[in-house]
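Notes follow once the structure below has been shown.
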Number of protein chains: 2
Amino acid sequence: MASNVVEIGAESPERTNSERAYRLLRNDIISGDLAPGLKLKIEMLRQRYGLGAAPIREALARLSSDHLVRLEGQRGCEVVAMSAADARDVGHVRKMLEIEALRDSITRGDEMWETNVITAFHRLESIERQINQGIDDLSEWERRNKAFHVALVAACNSPWLFRLRRQVFDQHERYRRLSRVKTVRTRDISQEHRDLFQAAIDRDVDRATAVMETHIQGTTDAVTAALAAREKTGE
Amino acid sequence: MASNVVEIGAESPERTNSERAYRLLRNDIISGDLAPGLKLKIEMLRQRYGLGAAPIREALARLSSDHLVRLEGQRGCEVVAMSAADARDVGHVRKMLEIEALRDSITRGDEMWETNVITAFHRLESIERQINQGIDDLSEWERRNKAFHVALVAACNSPWLFRLRRQVFDQHERYRRLSRVKTVRTRDISQEHRDLFQAAIDRDVDRATAVMETHIQGTTDAVTAALAAREKTGE
DNA sequence: GTCAATAAAAATATCGATATTTTTGGAAAA
DNA sequence: TTTTCCAAAAATATCGATATTTTTATTGAC
């Protein structure tokens, strides 16, 4: 089945500037290029992306429903703030959604799903090996990490669970990226991914969800630690 | 604490036409005034609401991230379709989110929360009595039903859970309204609300979540039955 | 009659200009 | 110094016009 792959698989070509603005803004917010709390002035964004005001405003409207920007009445808009408390919350809800989606996906996943999981895992493992050797293409790692997690839950037959999981995953990614530079490598994330992969292929739901729980909690802990430290000093 | 009341409590006054368009469109889609699948032509919406094209387009952009309208490249936009399968999915995810939020809320709810729950319950009970006597103000019932459910989960300390619960609740409401006319009154919804209320006030988490589960499932069943019948004939 | 090509009509997306509102930066008063 | 008021500047929200794309209708070929 793996029907959810279709929903986001091959990205559709952008047909409008509005869609383009949406994608660009979204990426820049999640990556941290546009900092949390930053005031998003229309003129500034026009310059940045070489697009008109109308498509940018529409993109901001969409992003406000995604909870990536905060839109306020007659006084413009800003990148939503980040905090340790919110990171914990996001982590908590992500655990809930992703574990449920994973449980369902592993139960239903067919051969095609399995193939996709294997492919995604190997692509992720390969870049993680490179990174351990000093080459760091973090944004490529983010892409493959995301693809691996999507592949795992792709056979989940609840489109709503799939959709909400994605939304919260993106929020979590934002925190992961924010704290990445600061965080020391105490966890062996590669190992966690290997365990996750093995449990999924073995169709061992309990083990897979347990590993996933640890995996997400680990990220959350690292992120909140980094953020709590920052909040203490800079506020 | 009941901190989430603040987040949606007294609705902020609309400062822009864009916000106004968003609220109007949202209501008309959830209420079914704008039918599922309906093509939303800009000109038609301008006439309907007496607003310009720009604010309407921005509202549609927001609604697309809410998954209430589907926006497609160069070919406009339509109200998202409804189906029995989607109703089941929405019901399933709503159960998950609302039960979790309720568990947390009952555990943490303070005196203020309790007061708000009592108030909301009495307002709902009062309109349900009127409805049983033949007076039917369904949209007022929907408003109070929604307020009661919000009051129950208001002390949940996870803003994300609270937010996602609301989104899925609104989707479910859309189905409830669609099937309302057709559905026979086999369930005593008033009784379910009384049980829910009593369990919440008693701080009996297990009973409250069990009743909630039944409550949501009952709505889902009624809705899917009505929709499945319709899909068989009309498609 | 069906199909393909194409012209006309309709609808969408986007720009540039303008009205409105908020913010800023003093100057005057307390 | 702090506060209050006001005008100037900046930013937002929205309109009206236009370019582009899609849809519809029509015509001619097979």
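The model shown is predicted, which means the values in this text are computed figures rather than measured ones. Each chain gets a letter, A, B and so on, in the order the sequences are listed, and its residues count up from 1.
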Are A:H67 and B:W160 an aromatic pair, judged by ring center distance below 6.0 Å?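 Yes, they do, as the ring centres are separated by less than 6.0 Å.
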Self-check item: Plane angle bin for B:H193 and B:H149 - parallel if under 30°, tilted between 30 and 60°, otherwise perpendicular
Solution: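 Rings of B:H149 and B:H193: perpendicular, over 60°.
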task = Look at the aromatic rings of A:F148 and A:F121 and report parallel, tilted or perpendicular, splitting at 30° and 60°.
result =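 Plane angle between 30° and 60°, so tilted.
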So is A:R176 actually on top of A:F169's ring, under 6.0 Å and inside 45° of the axis?
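Pair A:R176/A:F169 counts as cation-pi.
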*asked:* For a quick check under 3.5 Å, do B:Y22 and B:N27 share a side-chain donor-acceptor pair by atom type?
replied: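 Judged by distance alone, the side chains do not pair up.
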Of the options [options], whose atoms approach the side-chain atoms of [X] most closely?
| X | options | value |
| --- | --- | --- |
| B:Q74 | D:dC15, C:dA13, C:dT22 | C:dA13 |
| B:R75 | C:dT22, D:dT23, D:dA13 | D:dT23 |
| B:A54 | C:dC15, D:dT22, D:dC15 | D:dC15 |

**Asked** So, for B:Q167 and B:S65, which heavy atoms are closest and what is the spacing to 0.1 Å?
**Response**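 Answer, listing the atom of B:Q167 first, then B:S65: NE2-O, 4.1 Å.
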Practice problem: Indicate the atoms forming the closest heavy-atom contact of B:A151 with B:A120, along with that distance. | Solution: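 Distance-wise, the nearest heavy atoms are CB-CB, 3.9 Å.
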Rounded to whole angstrom units, what separation is found between the [atom1] atom of [X] and the [atom2] atom of [N]?
| X | N | atom1 | atom2 | value |
| --- | --- | --- | --- | --- |
| A:I56 | C:dA13 | CD1 | P | 16 Å |
| A:E72 | C:dT22 | CD | P | 10 Å |
| B:E78 | C:dA11 | CD | C1' | 15 Å |
| A:E58 | C:dT12 | CD | P | 12 Å |
| B:L71 | D:dT21 | CG | C1' | 15 Å |
| A:R57 | C:dC15 | CZ | P | 14 Å |

Name the one of B:R62, B:E58, B:R23 that satisfies side chain to side chain donor-acceptor pair (under 3.5 Å) with B:S18?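 Among the candidates, only B:E58 passes.
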With a 4.0 Å limit, can you tell me whether B:R15 has a side-chain N or O closer than that to the phosphate oxygens OP1/OP2 of D:dT12?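 No, outside the criterion.
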Could you work out, with side-chain contact (heavy atoms from CB on, under 4.5 Å) as the rule, every residue matching B:L38, not counting sequence neighbours?
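If we apply the side-chain contact (heavy atoms from CB on, under 4.5 Å) test to B:L38, skipping adjacent residues, the hits are B:L34, B:L40, B:M44, B:V79.
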**OP:** Can you sort out which residues in residues 37-47 of chain A have a heavy atom within less than 4.0 Å of DNA chain D? Ascending by number, please.
**Re:**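 Going residue by residue through residues 37-47 of chain A, the ones with a heavy atom under 4.0 Å of DNA chain D turn out to be A:L40, A:K41, A:I42.
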Self-check item: Neighbours of DNA chain C within residues 16-26 of chain A, by heavy-atom distance under 4.0 Å
Solution: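 Per residue number, the list reads A:T16, A:N17, A:S18.
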